> 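Below are the structure tokens for one structure; questions will follow.
Order of listing sets the numbers, starting from 1, for every ligand and every atom in it. If you read the sequence from its start, that first residue is 1, and numbering goes on from there. Keep in mind that what you see is a predicted model, and the values were worked out from it rather than measured.
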Amino acid sequence: MVDRPRKPSALATTPGLPPQPQVAFSADNSSVTATLPTGESVSVLLYGATVVSWKDKKGEEKLWLSEAARLDGSRPVRGGIPLVFPVFGTAPDHAQTKALPQHGFARSSRWEFLGKSTSESTPTPTTPAFAATATSAAGAVAAAAADMSVKLDFGLSSSGLSEDARAKWPYAFNAIYSVTLNTDSLTTNLVVTNDDDKSWECQVLMHTYLRVDDITTTTISGLQNATYTDKTTSPISSSTQSSPLLTISSETDRVYTPAGDSPASVPIVVSSDNKPKFTILRDNLSNVVVWNPWVEKAQGMADFEPKDGYKQMLCVEPGAVGTWQVLEPGDAFEGAQTIVLGGKTE
Ligand SMILES: O=P(O)(O)OC[C@H]1O[C@@H](O)[C@H](O)[C@@H](O)[C@@H]1O
């Protein structure tokens with residue numbers, strides 16, 4: 001169970017120092033949960049290094065997780081943030097990955113927990129910003145706690161794969177996935193290194209299931225003028241997003257390539273009733289998949305519950321999937337998303 005942490009590793013015990021984030025494993029060691037002193041938390045299943053919960057300080061869940069999601073490692077998690085690597089979907093025409101299952105093996109491999117690190121920008125009494133927010137030692141402690149973040153690192157390498165996955169993708173690699181919880185944001189960052197003596201190609205995607213209040217009043221901005229492929233048509237079609245706002249009113253499965261020189265310069269804003277709920281920033285991930293299965297596809301997925309749960313979820317998935325990332329021996333690919341609560345980006 002992800003909700004019953006034990007073995008708190010760092011507690012507020014030193015007077016005068018801000019309280020520290022807590023990091024704890026579940027009783028069965030299947031997941032690790034980090035909690036900030038201000039109450040925000042994130043839980044990551046070692047299976048897939050799948051983020052399965054992200055809560056704000058009020059305890060409100062920000063990610064959608066199916067009630068029928070398997071958390072026992074028997075199949076990829078339906079919800080949270082499964083990690084897609086080294087192939088997005090299936091690629092029957094791509095020699096190196098054609099034998100792999102949908103979305104590759106990262107989401108169905110057990111990752112190793114490498115450790116946690118915390119950071120804080122501790123204001124001092126001489127800093128004007130500090131003086132404005134804290135006029136006492138207690139205020140200083142509270143201000144420091146409010147600025148704190150915790151990073152959880154997970155590792156996976158070719159030697160940690162199942163025999164089956166290794167046989168289907170026989171390349172040496174090393175991956176480090178970092179999940180950083182801040183008071184108002186969550187960052188997931190993947191670095192994959194080619195440890196082989198020959199080059200290989202991969203795709204990467206962070207399959208984020210956002211929890212929304214009501215899909216019919218949800219809008220997505222930041223995709224205007226982006227070209228996209230529509231996977232719901234047969235054959236797959238291509239188009240350009242003309243409207244500034246995307247709304248979802250039927251099955252949606254699109255791979256966007258937002259316009260702009262730098263992928264990071266185009267935030268995607270998911271709003272509920274015109275109120276910004278999530279702002280998604282991308283670093284070196286030049287595609288965004290927007291997916292909602294709607295009525296029929298949700299019915300067809302055994303692990304999708306409740307069946308009308310598609311009304312409370314929206315997948316906005318930053319990735320590098322439009323083309324193949326070619327990694328020469330020793331090369332690394334790094335990509336990240338930051339999901340900021342509300343409309344703030346700084
Ligand atoms: O059922 P899965 O393997 O988790 O995939 C869910 C969806 O993932 C999305 O990223 C794909 O674009 C969809 O085509 C796919 O249906």
> Show the atoms of ligand 1 that are less than 4.0 angstrom away from any heavy atom in Q102.
2 (P), 3 (O), 5 (O), 15 (C)

> Taking NZ, NE, NH1 and NH2 as the nitrogens, is one of them in K297 or E251 under 4.0 Å from a carboxylate oxygen of the other?
yes

> List the atom of D196, the atom of A172, and the distance in Å for their closest heavy-atom pair.
OD2-N, 2.8 Å

> Using a 3.5 Å cut-off on N or O atoms only, is Y209 in polar contact with ligand 1?
no

> List ligand 1 atoms under 4.0 Å from H207, heavy atoms only on the residue side.
6 (C), 7 (C), 8 (O), 9 (C), 10 (O)

> Could you measure the distance from the CZ atom of F154 to the CD1 atom of I176? Nearest 0.5 Å is fine.
12.0 Å

> Compare R107, M301, R75 and give the one whose heavy atom is closest to atom 3 (O) of ligand 1.
R107

> Using a 4.0 Å cutoff against the non-hydrogen atoms of D253, which atoms of ligand 1 qualify?
11 (C), 12 (O), 13 (C), 14 (O)

> Could you check whether any side-chain N or O of R107 sits under 3.5 Å from a backbone N or O of T50, counting only pairs where one atom can act as donor and the other as acceptor?
no

> Answer yes or no: are there more than 12 heavy-atom neighbours, outside D72 itself, under 6.0 Å from its atom CG?
yes

> Which option wins on minimum heavy-atom distance to atom 11 (C) of ligand 1: R254, K297, K231, E317?
K231

> Under 4.0 Å, counting heavy atoms only: does R78 come that close to any atom of ligand 1?
yes

> I'd like to know if D273 and K275 make a salt bridge, using a cut-off of under 4.0 Å between side-chain N and carboxylate O.
no

